[in-house]
Each structure stands twice: as structure tokens, then as C-alpha cells.
Amino acid sequence: MAPKRDKDRRIISCLQCFRPQEMLPNHLLRVCMKNQTNEERNAEVERAKKSMKDWTLRGRTWDYNAMVKRYPDEASRQALLEDLRERHFLIINDPMAAQAESSHRPPGAAVETHNKMPAQPTLQDCQRVLRVSKADMLIIHRKLLDQQHVEEDQRTLFRYFCEAILVLRYFQGPEAVRALKDSDWINKRNVDGRIHMEVQSTKQSAKFSLTEEDSAMLDAYFQKIRPGCLQDSQDDQGRFFLSKQGLPVGNVTSDIRRLHEQYDLPSFSSQQARRAQITMACSSSDDPADERRVRKQKRGRGPADQDDRDFGAFLLQFPATASSTPPTKKKRTAAGFPPDKMFYNRWRSVQLAKREELLLSQCSRRPPSVSKVSLLIQKEGWTGNCPRPEDVVAKWRPVTRVQVESDPWIITTIQNQKWTGLALKDFGTKGQGVVATKAFAMGSIVCDYHGKVITGAEGRKLVESIKGDMAYLFFFHAAGRDLCVDAETFPCECHPTENTMGRRINHSSKRANLRPVHCVMNFPEGQRDVILFQAKRDIHICEELLFDYGVKRKSFRGEAINLDWLDE
């Protein structure tokens, strides 16, 4: 007996509920038009078939040239184009197809053109790498904004691109780019649609104005890539560009050369770009031929080696987020990956870890119960690959006072005053304040209120001598002792060259996101009283740090104040 064959069912969308259906007549009979007659349902089926045919003829096909005219903003156009490709729309004059076609040219022809170094490079030659790499950088930029997974090498390549923008487009020297600080970026100004920057760290201050598009690229690096490079064990020196080890970038010229090598283009220095800018009578214009250049393939990974793609490429194709759907076997094989479940199982492990991290982030202050974790899972709507509530409860770890008082990183940071993720910002009439350059979770130690610890009586005498408010004095009570942190004497004796951040934090009684806590830190030379600032809630990048000065005033008047640990 011949095996039963499935009928060829065409997917037709219902025009009543706008959902695709395999059997539209049955759907209308049971759901959308169950109270209508057979004639009305048959007419609706014919209307839906005609609509699907019209969409296939006209709606599914897009012309990239017409898209350029309709959507002049390139970032928006590239985002739309990427969405259409993922939804299997037909793109006429697709630039990606043009790149694929160019990759089949006879070997040697394009390479000779790329590697040929012009005798006297023009400004177009120097800036060609920015045009050729722009499409890739926009894709990475979009993934960063959408919080999708971006591979480490792509993050590094995006940093190279940002450095090249400053050197090749705005003609800044490598030393000025290397010396750019996070505080310089925090204090940028928007004037008539241009982002004005000033590098104050170099011997000769550099000033330049960025376009909003270039500023968006650098801001994506600052908010999405740089925070992941910050490491508590490394001194970032407040620099804007950091390596993946958390150290300041040492050689900007080498980074730009690597960007040229990635796209198989001749490398140009900042001096050549400046000379070309001086000699050119007009600025460079985008060359459409450059956009069609073949991109350099990584060694050992040709386009036919689909089965050899690594797990990083699998995550790029199918980002593993807490809310994403696992890729089916059909989707995996259609994307060129092996049909087995090796990558699939690893993908589920990555998603499971992200889901556990998401649940723990919602229970950072107090230990969650099994029932609470179960409710959170139910609220997220996860039906598969769910963490066990018992495992989430077991992995919850609060920050305790005992851990902080003996934490070697906090002790070392207090000693060298190299707190990461902080920058000074000029707020105009308000004066200077401190903003976060990385995200701080609730309960995190942000910095200390640094100064010499004296008695409360000595602090009050100091207030009388300066004839003003308490200024940079922090009075507190600890174990029956009346003490004061003297940050008025600046710079302090132990750090004569450092601008300690704690004394620069501004006041707010309603918007305070920090609270002071008292700890007795176990330094190698002995115990010492320290006032630490702990995050009262989650703090975002570029958010100003604030605490309530009323705590200082109450203690100054002799009132008992509570500087207990937040998690106790």
C-alpha cells in the first residue's frame, strides 16, 4: 500500500484576524465567521486568495534603488533591509547580492586593485575604508542597540572603526585619540546638530565637531561595548578607548591598520589623511563602486564551508536571549549549519544561563522564594528551557558587610583611588558632578568618601575655621564613637595627585541613587573606618550619582543616623 501523502496546503492569511492559516475555510467556519453563511465565507476565501496573489506579485518584492529614495537615512534603510531579508522578501538590486556576485570574480583582478598603493593618495583613498566597512558597522550598531549577541572580534572591529572615524575623517592625531577620556565624551555639547568635542588630556588640546551619525557610532561603543571592557583589577585611567583586557588602547595606528587589513585595503596614516585634506579642493564623496567591493574573508573559512561554522556564527544567526525562540532543525539546516543538535544544545545552555541571570537580577535585594521565582517564570511566559526555581534560589548571593570589609579589590581601590565607571561632568551653573560610565546593579559598591578620619570634635572646629557650611566634611557615629571624614583638605596627603570622586558627588534628597554605609575595612596595616557609597537601585550609564547630604547634617547635629548595611 502506497504511503499516504500530505496535501499541498498553501498558507493564506485571514483578512479578519490577520493571521496566516493552513486551512482558511475551516478557520473562518470555527473562528472569524462562524455566524455567517457559507456564501459569505466562500467570498471571504476568494478575497483572501486574491489579496495573497496581489501581495506575491507586488508586496513581497522590493526595489533597493526605490528604497534609497524613500528612506534617505542610511541607518534606518539598512535596518529595514535586514528585516526584509530575515522575512524572506525579494530584494531587487540588493547590495548584498552585488557583493556575492563580485566574490566570484577571477582571482587576482580585485586583489591587485585593492593592494595597489596610490603614489599620492587622495582624501577619497584615505577614507575608503570608512565607506567600505560602513555597511558592516551599521549591522553591528543595530545589534548593539537591540541588545543582540555580538562576537568579541566584531566588538573589537567596531572599536577600530570608531578610532578610524576620528583619525581619517576628523584628522585627529593618534595620540589625541588615545588620550581621549570618558569625561571628555560625557561633557560633549550639541550645537546646531553638531556634537562639539574637546580633548583636554593632551598637551595641545584638540577640538572637533562630529556629525550626529558619527556621534551615534561612538556613543554605541561608549554605552554598549566599553562597559564590558571595564575590569576592577585593571586601571583604565579614565580613557575612552579600552582594549578587551580593560587597559587603555596603546597604539591607535596599529588598530587602524588592522581595520584596513580586515577589508584588504591599503593602509593610510593620519599624516597622509591630513596632507590629502589640505591638497584636496573639495571633500570626498561616496564612491558606489567601493560599496560593492568584496569583503575580506577570514582565513580558512570560505563561503562553501558552511558545516565548519563555529558556535559564535551560530549565535550571530540565532541570538540567544532570555525571550528568543530556539531555532528549529529546518531553520538550522537552511542557514547552512549541521542538522545535529550539537549547536542547538549549546544554544539552549546559553539561553538557560541568561534566563537565570534575568531572574536573579529581579531578586537582588532579598533572597527569593521558590514560589516567587515560579511566579516570575510564569510572568515571562516561558514554556520550555526554564530554570528550576530551586536552582535559582540556590545561586542567589547577596553582598554582605563581611565580604566587603575583607574584599581585596575594594581595599586596593581605596588605597589607589582608581574607581572604575566614574567620570566628572560639568553641569554648568550647578558645577561639576559625577556620572556613571558603566551600569551599577543595586547593592554595588560605587566608590568611597575618601579623606582622613578625625574625631567629630576636630571636624566641628574645622567647620568653625572655614566659616561656612560643612563643605566636604562627613560626620558619622560608629560603635559609640563620634567621627568625621575630612575631605575638605584637598588634595589629601595619601593621594596628592588624585581627584577623589566621592567628594564630587552632588546632593539630592528625592533622586538619591547612592547611600553611605560605614565599614571597618581590614587593610594590611590594620583596620580603618571607611564610608562607602552603595547603589540604592540600578544605576544606568550616563546617570548622575547623587546622595542625600541630610545624612551628614544629622550627624553633625549629633543625631543618631543609621549607616547599616543595605542588605541586612
Side-chain angles (χ1 to χ4, degrees), residues 6 8-13 18-22 56 60 62 78-91 94 96-97 99-100 135-155 157-158 224-225 228 295 297-298 300-361 376-388 391-392:
D6 293 335
D8 181 16
R9 304 191 189 277
R10 295 187 178 183
I11 306 298
I12 301 178
S13 297
F18 301 104
R19 294 179 180 177
Q21 305 293 334
E22 290 188 359
T56 304
R60 191 184 179 192
W62 287 63
Q78 291 296 333
L80 174 62
L81 191 61
E82 191 69 18
D83 283 339
L84 294 176
R85 292 195 189 106
E86 292 177 358
R87 296 171 185 268
H88 305 289
F89 278 74
L90 305 177
I91 311 297
D94 191 343
M96 181 176 289
Q99 287 185 354
D136 290 340
M137 297 305 112
L138 287 173
I139 294 174
I140 298 176
H141 178 264
R142 180 189 167 217
K143 290 182 177 180
L144 291 172
L145 296 185
D146 292 344
Q147 297 183 352
Q148 299 181 16
H149 176 78
V150 179
E151 283 295 307
E152 189 66 43
D153 56 348
Q154 288 188 318
R155 291 172 175 263
L157 194 66
F158 193 84
K224 303 298 182 181
I225 296 179
R295 298 186 309 195
Q297 299 288 339
K298 291 185 178 181
R301 263 189 214 177
D305 301 330
Q306 302 294 334
D307 292 341
D308 296 333
R309 290 185 179 181
D310 58 9
F311 183 60
F314 188 84
L315 286 178
L316 284 177
Q317 184 71 25
F318 308 106
T321 64
S323 59
S324 56
T325 304
T328 62
K329 181 179 179 180
K330 182 178 180 180
K331 291 183 178 180
R332 299 197 304 268
T333 54
F337 293 98
D340 56 44
K341 288 191 174 183
M342 181 180 65
F343 286 166
Y344 175 81
N345 293 333
R346 290 180 63 185
W347 186 96
R348 287 172 58 87
S349 299
V350 173
Q351 186 190 58
L352 187 66
K354 288 183 178 294
R355 289 183 170 180
E356 289 181 347
E357 182 180 353
L358 176 63
L359 295 174
L360 289 171
S361 66
L376 291 175
I377 293 176
Q378 184 178 359
K379 181 180 178 181
E380 294 293 338
W382 300 333
T383 57
N385 199 28
C386 297
R388 295 179 64 250
D391 295 339
V392 176

### Message
Test side chain to side chain contact (heavy atoms under 4.5 Å, CB included) on Gln147 and Lys224; report intermediate values, then the result.
### Response
CA-CA 8 Å; Gln147 297 183 352; Lys224 303 298 182 181; 4.2 Å; yes
### Message
Set out, in order, the CA-CA distance, both residues' side-chain angles and the distance that settles side chain to side chain contact (heavy atoms under 4.5 Å, CB included) for Ile140 and Met137, then state yes or no.
### Response
CA-CA 5 Å; Ile140 298 176; Met137 297 305 112; 4.1 Å; yes
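Summarising the geometry of Ala320 relative to Trp347, their closest heavy-atom pair is CB-NE1, 3.4 Å, with the distance given to 0.1 Å. Between Val392 and Pro387 the shortest heavy-atom distance is CG2-CB, 3.9 Å.
Side-chain N or O atoms of Asp340 include one that pairs as donor or acceptor with a backbone N or O of Met342 at under 3.5 Å. Within the 3.5 Å criterion, the main-chain N or O of Val150 finds a donor-acceptor partner in the side chain of Arg155.
For Leu80, the side-chain contact (heavy atoms from CB on, under 4.5 Å) criterion is met by Trp62, Met67, Tyr71, Leu84, not counting sequence neighbours. Remark: Ile12 pairs with Leu24, Ala48, Lys49 by the side-chain contact (heavy atoms from CB on, under 4.5 Å) rule, at least two apart or across chains. For Arg388, the side chain to side chain donor-acceptor pair (under 3.5 Å) partners are Asp391, not counting sequence neighbours. Contacts of Phe318 classified as ring pair (Phe, Tyr, Trp, His ring centres under 6.0 Å), with partners at least two apart in sequence or in another chain: Phe314.
Annotation: salt bridge (charged side-chain N to carboxylate O under 4.0 Å, His left out) contacts involving residues 313-333, sequence neighbours excluded, are absent.
Inter-residue side-chain proximity for Phe343 and Arg346 is flagged as met; some heavy-atom pair is nearer than 4.5 Å. Taking 4.5 Å as the limit, some side-chain heavy atom of Arg19 sits within range of a side-chain heavy atom of Gln21.
Of the charged side-chain nitrogens involved, at least one lies within less than 4.0 Å of a carboxylate oxygen, so that Asp83 and Arg142 count as a salt-bridged pair.
The NE2 atom of His141 lies 14.5 Å from the CG atom of Asp136; values are rounded to the nearest 0.5 Å. To the nearest 0.5 Å, atom CG of residue Leu316 and atom CD of residue Gln148 are 9.5 Å apart. Rounding to the nearest 0.5 angstrom, the gap separating the CG atom in Leu144 from the CD1 atom in Ile225 is 4.5 Å.
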Check residues 349-360 and write down every donor-acceptor pair under 3.5 Å in which the side-chain atom is one partner and the other belongs to a residue at least two apart or another chain.
residue : atom : partner : partner atom : Å
Ser349  : OG   : Asn345  : O            : 3.1
Gln351  : OE1  : Asn385  : ND2          : 2.8
Gln351  : NE2  : Thr321  : O            : 3.2
Gln351  : NE2  : Ser324  : O            : 2.7
Arg355  : NE   : Ala322  : O            : 2.7
Arg355  : NH1  : Gly384  : O            : 2.7
Arg355  : NH1  : Asn385  : O            : 3.1
Arg355  : NH2  : Ala322  : O            : 3.1
Glu356  : OE1  : Lys395  : NZ           : 2.7
Glu356  : OE2  : Lys395  : NZ           : 3.3

